[in-house]
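One structure is given here, and the rest of the page talks about it.
Along the sequence shown, the residues carry numbers beginning at 1. Start at 1 and go down the list; that is how both ligands and their atoms are numbered.
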Amino acid sequence: MKILSIESSCDETSVAIVEGRNVLSNIISTQIAEHKIYGGVVPEIASRRHTEAISAVCDEAVKEAGITYGDVDAVAVTFAPGLIGALLVGVNFAKGLALSLGVPLIPVHHLRSHIAANYIAHPDLKPPFLCLLVSGGNTVIAEVTDYTKFKILGSTRDDAAGECFDKTARCMGLEYPGGVTLDKIATKSDFNKYPLPVPRVEGEYDFSFSGLKTAVINTVHNAAQKGNEIDIPVLSATVRERVCDMLIDKTLKAAENLGYKKIAVAGGVSANSELRERLSLECEKRGYSLYYPPLKYCGDNAAMVGAQAIFEFEDGNIADSSLNATATLPIDYR
Ligand code: KG4
């Protein structure tokens, strides 16, 4: 079954052709250069750029896959969660395309797609497994009990891990997307130089990153007021270490308590070098299997939407022309 999948939840317009776990094409048109000027994504600009790009990106995906529109068996689209105006572009385009081709329309939850990025890279990965989902807008530990069945164990009480990286990077003057830049320049040296708090939160598998973010902002502002220079690579490494401590501790605790030996990491922050390195070591010590997507599937892309769509279709999750975009929706909505 050849699925044409569409992703437009934030600042990448992407269309892919996917057959099972096999990616025939995956075209991504990124808007990062434009949002960089503003230090973050401007929703109105994002929607306009998706509208301009989507037809051409779609044609290119079909061409690169070596098929025609007549070969498409279903259209899948990210419908939630994300920037509402951005999502609406993809959803309306998908509705029109499915109707004109006379094929089913499959609605796909964005976080489920991030998990499915692992199915593309790891053909042997099958539920049940434990998943740490870390992106710009979400930080969640969930049990993936089946391809379309999820149980949320914990989530962030305030900021997402990616948001914490992006905002602390921004206040240090680093280029957008901050998490990526911070990870590149972080230099491990003296972790006592900036005594950042170790975030604590009551829920056993919940997270909190806003206290850490505030502490970094205060550190930078205090130094500026006193005319002191901040050692940006060291402060970056300290933030990264604190965020990773919390993500790794809670994930391992959940795996141990619930008896999971298979752990997947998904979402944009799964590209973080320290998270990958440390979690790999810890999993190796415990005899756990760790899965994370290759870097090209960590960020937003349509291939992962197509990889999840087949399971949604098999589960009867098919939409009609009343499908709407939704800005917030938990992963276990259905
Ligand atoms: O999953 P994603 O592409 O978009 C959302 O759905 O949110 O995640 C984007 C987030 C941004 O916050 C970005 O800074 C972060 O992922 N990110 C990273 C790295 N690469 C991307 N954060 C830390 N280290 C990285 N290497």
Side-chain angles (χ1 to χ4, degrees), residues 7-14 26 28-32 35-36 39-41 43 46 50 78-84 86-87 90 108-118 131-140 155-156 159-172 174-188 207 209 212-213 216 233 236-248 264-279 292-305 308 325-329 331:
E7 156 61 31
S8 70
S9 66
C10 191
D11 59 351
E12 334 276 357
T13 316
S14 180
N26 183 34
I28 304 172
S29 165
T30 183
Q31 309 170 0
I32 285 180
H35 296 294
K36 216 173 234 179
V41 177
H50 286 309
T78 308
F79 78 106
L83 299 173
I84 193 71
L87 286 167
V108 181
H109 189 285
H110 185 54
L111 297 185
R112 293 186 182 193
S113 308
H114 271 302
I115 297 175
N118 281 293
C131 186
L132 170 67
L133 260 162
V134 264
S135 70
N138 295 274
T139 304
V140 170
S155 54
T156 182
D159 295 342
E163 193 179 346
C164 176
F165 279 135
D166 290 343
K167 295 206 170 136
T168 54
R170 187 174 170 175
C171 97
M172 287 189 260
L174 303 180
E175 195 169 67
Y176 170 82
V180 181
T181 318
L182 184 146
D183 189 27
K184 263 190 210 144
I185 65 149
T187 312
K188 290 182 201 173
F207 305 93
F209 298 103
L212 177 61
K213 177 188 73 183
V216 175
S236 295
T238 316
V239 176
R240 188 176 64 178
E241 199 216 20
R242 292 283 190 277
V243 171
C244 289
D245 281 351
M246 185 170 241
L247 294 175
I248 293 168
V265 187
V269 181
S270 67
N272 187 266
S273 59
E274 179 166 338
L275 181 63
R276 285 176 174 240
E277 195 182 309
R278 284 177 52 194
L279 199 51
Y292 43 74
L295 289 178
K296 67 175 177 178
Y297 294 129
C298 284
D300 292 341
N301 68 88
M304 66 186 192
V305 180
Q308 179 61 23
T326 308
T328 54
L329 189 72
I331 192 169

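Sorted by chain and number, the residues within 4.0 Å of ligand 1 by heavy atom are H110, H114, S135, G136, G137, G162, F165, D166, G179, V180, D183, G267, G268, V269, A271, N272, G299, D300.
Here the CG-CG distance, from L182 to N272, works out to 8.0 Å after rounding to the nearest 0.5 Å.
Note on D183 versus R240: salt bridge recorded, some NZ/NE/NH1/NH2 to OD/OE distance being below 4.0 Å.
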Any chance you could lay out the side-chain hydrogen bond (donor to acceptor under 3.5 Å, both in side chains) test for T13 and H50, step after step, and finish with the verdict? CA-CA 6 Å; T13 316; H50 286 309; 2.8 Å; yes

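Under a cut-off of 6.0 angstrom, the local environment of CZ in R276 is crowded, with over 12 non-hydrogen atoms contributed by other residues, nucleotides or ligands.
Under the salt bridge (charged side-chain N to carboxylate O under 4.0 Å, His left out) criterion, K36 pairs with E175, not counting sequence neighbours.
Ring geometry, H114 versus H110: the interplanar angle exceeds 60°, so the pair is classed perpendicular (tilted spans 30 to 60°).
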